[in-house]
Protein chains: 2
Amino acid sequence: MSDLLERLRARGWRLTAQRRVVAEVLDGDHVHLTADEVHARATARLPEVSRATVYNTLGELVALGEVVEVSTDGRAKRYDPNAHRAHQHLVCSGCGLIRDVHPTGDPLADLPSAERFGFAVAAAEVTYRGLCPGCAAKA
Amino acid sequence: MSDLLERLRARGWRLTAQRRVVAEVLDGDHVHLTADEVHARATARLPEVSRATVYNTLGELVALGEVVEVSTDGRAKRYDPNAHRAHQHLVCSGCGLIRDVHPTGDPLADLPSAERFGFAVAAAEVTYRGLCPGCAAKA
DNA sequence: TTCATTGCAAAGCGTTTGCAACGTA
DNA sequence: TACGTTGCAAACGCTTTGCAATGAA
């Protein structure tokens, strides 16, 4: 993640305490927090971080391609810092848990040109839905 | 779509003018309207349709499995009446246009059990993103 | 010093809900 | 007639924005 901070600095980002904390919160694997969760964890480290700043910072990280927005349900967006390795998401229909997965095969290869209707297809997002072990045990 | 109305009646649905209009608006291929667009088209046919009724009716159609909610962006949900044939979506990054597509291959087959982490995977959603011919020409 | 960044609070958008009036079965 | 359905309007959750104060470079 220090990589991230260096990349941001190299892009001329003005590095503030708030931005550093937001970036740190997003560190780690399988992190898919909502903006509100990011705010909660950020204020735990640094009380003076406003919601607006969290939204601003997340939006900028997304624009920079460092973080990806994931809207798994109709609820709040989640932010996925694992933008540099292609992966897909496994979402629990019960509790909303999200896991990163790395399927074999390229989904793009499954879409023949006859089915592209002239679109310049750039990417494919795959979301697998099911019950996580915990929720399956309760059901 | 008359099929739909008959299915609904068979399920004991109380058939009101408002519900019929909402169902009619959703008729046709490649229809992916937001709740607000459904409301606009519904009131064009029948002025006395409230937003609340549109939301209620859409929610019931989703619960009945006749319509599928699609959240392509972080904005308003869209409603896809093509629930009876497996298909995926091609979304234009420029204008938001959505097309149904029917890829070859089953995405579920691309997720080996080692990548399922104990999840009981039930379904896979695939969204292809790119530029439609119109937006590609402008870019 | 300067100008981007911040915090606050209010507004915005899409959606849901409470409740009285309504209309289908 | 009875009970499910409707419309209105207010409340809601999440996100964005205006503006004055702040602070990194």
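Here is the naming used below: chain letters follow the sequence lines, and residue numbers restart at 1 for every chain. Atoms considered below: every heavy atom in the structure, side chains included; atoms not considered: hydrogens, waters and symmetry mates.
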Heavy-atom nearest nucleotide on DNA chain C for B/R51 versus B/A17: which residue maps closer to 5'?
B/R51
Test for a donor-acceptor pair under 3.5 Å between the base of D/dT5 and the side chain of B/R14, counting only N and O atoms.
no
From C/dC13, D/dC14, C/dG7, pick the nucleotide closest to the side chain of A/A76?
D/dC14
Starting at atom CD of A/Q18, determine the distance to atom P of D/dT22, rounded to an integer number of angstrom.
13 Å
Starting at CG of B/L58 and ending at P of D/dT6, how long is that distance when rounded to a whole Å?
12 Å
Short N-O contact, B/E66 and B/R11, less than 4.0 angstrom
yes
For A/R19 and C/dT5, is the shortest distance between a side-chain N/O and OP1 or OP2 below 4.0 Å?
yes
Check the orientation of A/H89 and A/H32. Use parallel for under 30°, tilted for 30 to 60°, and perpendicular for over 60°.
perpendicular
Does some side-chain heavy atom of A/H87 sit less than 4.5 Å from a side-chain heavy atom of A/N82?
yes
Does B/T16 put a side-chain nitrogen or oxygen below 4.0 Å from OP1 or OP2 of D/dT6?
yes
Rounded to whole angstrom units, what separation is found between the CD atom of B/E60 and the C1' atom of C/dT15?
15 Å
In this structure, how many angstroms lie between the P atom of C/dG14 and the CD atom of B/E69, rounded?
15 Å
A/Y55 has its side chain closest, among C/dC8, D/dT15, C/dG14, to D/dT15
For atom CG of A/L33 and atom P of D/dC14, their distance in whole Å:
14 Å
Pick one: which of A/L33, A/L46, A/V49, A/T43 meets side-chain contact (heavy atoms from CB on, under 4.5 Å) with A/V25?
A/L33
Atom CG of A/L15 and atom P of C/dT6: how far apart are they, to the nearest Å?
10 Å
Is any side-chain N or O of A/T53 closer than 4.0 Å to OP1 or OP2 of C/dG7?
yes
Could you tell me how far apart B/N56 (CG) and C/dG18 (C1') are, to the nearest whole angstrom?
12 Å
Identify the heavy atoms of B/F119 and A/P133 that sit nearest to each other, and give their distance.
CD1-CD, 4.0 Å
Length of the CZ-P vector between A/R20 and C/dT6, whole Å
12 Å
